[in-house]
Amino acid sequence: MVNVKTDALGILFPNVYDGLVPELTSARVMASIPFASRYRMVDFVLSSMVNSGIEDVSVVVRENYFSLLDHLGSGREWDLAKSSGGLKLYPPYSEKGLGVYKGRVDAIYALTHMLGKKKQKYIVMADTNIATCYDFKDMLTKHIESGADVTVAYVEQELPEGLKKAENISKASIWYTYDVEDNFVKKINICDQTDGVKNMAMNVFICEREWLINIAKDAYMQGKEFFERDVIIPMMDQIKVYGYKHENYSVRVTDMKTFFDQSMDLLAGDNLDKLFNGQTVYTKTNDDNPTRYIKGSRVKNSMIADGCVIEGEVENCIIHRQCHIKKGAVVKNSIIFSHGVVEENANLNYVIADKKVVVSEGKELIGNPDFQVFVAKGTKI
């Protein structure tokens with residue numbers, strides 16, 4: 001992996017939207033949700049940073065982060081296992097002043113001592129609830145050319161169905177839309193639920209490191225919590241905010257149904273190629289055997305990771321690593337996370353089975369396109 005080093009460091013926030021999919025985040029953070037058979041959500045934004053020449057990335061975790069620590073490890077798969085810079089994880093209480101943060105302001109303020117020692121001029125901040133391939137190098141170039149104080153990324157789309165539900169609106173799941181004129185953001189809207197195509201914020205920010213340190217210190221002293229709501233919006237008449245339109249294919253996790261629907265969309269047409277957009281997405285490697293398809297098995301229109309054994313019938317499914325679909329089992333329109341076992345003659349349709357789920361012989365789990373049956377991690381049915 002050879003890239004021209006970029007004069008920026010990255011900060012990732014893996015916990016911000018955990019509340020949108022509590023079923024999946026009860027055992028992990030948003031960043032480590034399995035996706036597209038062999039990846040995790042964090043792989044896309046982290047790989048985009050590496051592919052853009054960002055070699056110094058800090059991951060600020062809040063809670064429930066063991067799975068993420070296990071996945072990222074030393075950062076070797078992303079070529080971030082470095083003595084200087086590289087990948088650094090900051091769990092609560094790992095340093096003086098770094099507790100369980102309430103909002104992005106808390107988290108940034110806790111890092112100001114570390115940020116003050118860095119040499120890079122710019123900072124790229126991002127959340128992990130969107131799977132897409134970013135071009136952070138182009139985004140940084142546009143930021144510098146525009147003379148803006150802050151650059152934000154957005155995508156044109158209608159409001160996702162998962163965000164229209166009132167119960168999803170909370171401090172942990174605020175979303176933003178932008179009014180953009182001549183590439184600059186004129187107004188930031190909070191939780192706009194009106195119909196039509198919007199400029200949906202992707203929660204990606206670029207700014208100068210020293211500027212961010214000063215802003216974070218002032219905001220923290222005033223008791224502010226959220227970077228966009230409490231810091232950027234009140235300053236809109238004093239600063240320039242550049243709007244960077246992201247045009248690559250993206251998947252935004254807003255609830256279980258959108259996670260299922262957009263995952264299954266990858267099986268249709270060339271959506272998978274659009275998602276990767278010619279980039280390499282790195283992930284933790286297991287060096288496992290290729291999947292074995294036993295005589296008599298039937299597989300149609302499915303994405304199956306390595307290490308699996310398929311003896312039964314699989315159709316329109318995403319099967320993660322080291323799963324076993326036994327003889328006579330029928331699995332359709334389902335997502336099975338790693339180490340799942342479907343015993344003989346079991347029947348699954350419209351099911352999301354978390355990691356290490358075992359479906360016993362002859363059992364049936366039947367959902368429908370509007371409501372998928374979810375089976376929690378480690379459950380035996």
Side-chain angles (χ1 to χ4, degrees), residues 6-18 20 29-33 35 39-62 65 68 71-72 75 78 80 87-90 101 103-105 107-108 111 115 118 120 122-143 148 150-155 172-176 178 185 199-209 212 216 226-229 231-232 241-254 275 277 279 281-283:
T6 299
D7 189 19
L9 57 90
I11 302 177
L12 296 180
F13 300 91
N15 285 103
V16 175
Y17 286 95
D18 290 356
L20 292 177
V29 298
M30 173 67 76
S32 58
I33 289 177
F35 185 72
Y39 299 95
R40 304 293 182 108
M41 291 293 293
V42 70
D43 293 337
F44 293 85
V45 63
L46 183 57
S47 296
S48 294
M49 287 186 170
V50 171
N51 291 333
S52 299
I54 298 174
E55 300 179 351
D56 191 334
V57 182
S58 299
V59 182
V60 192
V61 294
R62 182 171 59 198
Y65 50 82
L68 182 63
H71 179 70
L72 294 178
W78 297 266
L80 291 175
L87 181 68
K88 297 291 187 297
L89 282 84
Y90 291 89
Y101 64 87
R104 206 183 307 266
V105 171
I108 298 169
L111 296 178
L115 294 176
K118 297 294 184 179
Q120 294 90 337
Y122 300 98
I123 287 180
V124 178
M125 298 187 292
D127 293 338
T128 59
N129 66 312
I130 298 176
T132 189
C133 287
Y134 297 97
D135 187 346
F136 288 120
K137 185 171 291 187
D138 183 62
M139 201 179 301
L140 181 58
T141 298
K142 293 292 198 304
H143 171 77
V150 182
T151 288
V152 295
Y154 69 91
V155 61
S173 58
I174 294 173
W175 69 89
Y176 303 90
Y178 302 136
V185 177
N199 299 322
M200 291 287 300
M202 303 188 78
N203 302 309
V204 172
F205 309 92
I206 294 180
C207 58
E208 290 192 4
R209 178 175 56 86
L212 181 65
F226 298 100
F227 183 68
E228 202 156 3
R229 186 194 70 183
V231 178
I232 299 300
V241 180
Y242 182 81
Y244 182 91
K245 183 180 177 181
H246 180 78
E247 301 194 54
N248 294 343
Y249 187 94
S250 61
V251 173
R252 183 189 298 259
V253 175
T254 59
L275 174 65
N277 195 40
Q279 289 195 33
V281 177
Y282 305 97
T283 190

Return the minimal non-hydrogen interatomic distance between A148 and T151, and the atom names on each side.
CB-OG1, 4.4 Å
With sequence neighbours excluded, what pairs up with S58 under the side chain to side chain donor-acceptor pair (under 3.5 Å) test?
none
Donor-acceptor contact present, side-chain W78 to main-chain Y282, <3.5 Å
yes
Tell me, do I232 and V152 make a side-chain contact under 4.5 Å, heavy atoms counted?
no
Going through the checks in order, is the side chain to side chain donor-acceptor pair (under 3.5 Å) test met by D43 and T283?
CA-CA 6 Å; D43 293 337; T283 190; 2.7 Å; yes
Going by the rule side chain to side chain contact (heavy atoms under 4.5 Å, CB included), which residues pair with K245 if we only count those two or more places apart in sequence or in a different chain?
Y154, E156, E247
So, for Y178 and E228, which heavy atoms are closest and what is the spacing to 0.1 Å?
OH-OE2, 2.5 Å
For the residue pair L87 and G75, what are the closest heavy atoms and their distance?
CD2-CA, 3.7 Å
Between T132 and M202, is any pair of side-chain heavy atoms under 4.5 Å apart?
yes
List in chain and number order the residues that pass salt bridge (Lys or Arg N to Asp or Glu O under 4.0 Å) with R40, two or more places apart in sequence or in another chain; answer none if no residue qualifies.
none
If you look at every heavy atom in A131 and L275, which pair is closest and at what distance?
O-CD1, 3.4 Å
S48 and S52: which non-hydrogen atoms are nearest, and at how many Å?
O-OG, 2.8 Å
Partner residues of T128 under the side chain to side chain donor-acceptor pair (under 3.5 Å) criterion, sequence neighbours left out
none
Does V59 reach the side chain of V42, with side-chain heavy atoms less than 4.5 Å apart?
no
Results of ring-ring contact (aromatic ring centres under 6.0 Å, His included) for F227 - residues two or more places apart only:
F205
E208: side chain to side chain contact (heavy atoms under 4.5 Å, CB included) partners, not counting sequence neighbours:
K121, Y122, W211
Are side-chain heavy atoms of M125 and I108 found at a separation under 4.5 Å?
yes
Straight-line distance of L111 CG to K88 NZ, nearest 0.5 Å
13.0 Å
Report yes or no: does N15 contribute a side-chain atom to a donor-acceptor pair with the main-chain N or O of V61 at less than 3.5 Å?
no
By side chain to side chain donor-acceptor pair (under 3.5 Å), which residues pair with K142, not counting sequence neighbours?
D138
Answer yes or no: is there an ion pair linking R252 with D127, defined by an N-O contact shorter than 4.0 Å?
no
Taking every heavy atom of V253 against every heavy atom of L20, the minimum-distance pair comes out as O-CD1, 3.8 Å
Sequence-distant partners of Y134, ring-ring contact (aromatic ring centres under 6.0 Å, His included), two or more places apart
F136, H246
Should C133 and V281 count as side-chain neighbours, where that means a heavy-atom distance under 4.5 Å?
yes
Under a 4.5 Å cut-off applied to non-hydrogen side-chain atoms, are Q120 and I54 in contact?
no
So F35 and F44, would you call those rings parallel, tilted or perpendicular, with 30° and 60° as cut-offs?
perpendicular
Partners passing side chain to side chain donor-acceptor pair (under 3.5 Å) against N199 (at least two apart in sequence or in another chain):
none
Just to verify, what does D135 make a salt bridge (Lys or Arg N to Asp or Glu O under 4.0 Å) with, not counting sequence neighbours?
none
Heavy-atom side-chain proximity of L72 to L46 below 4.5 angstrom
yes
Does the side chain of M139 reach to within under 4.5 Å of the side chain of V124, using non-hydrogen atoms?
no
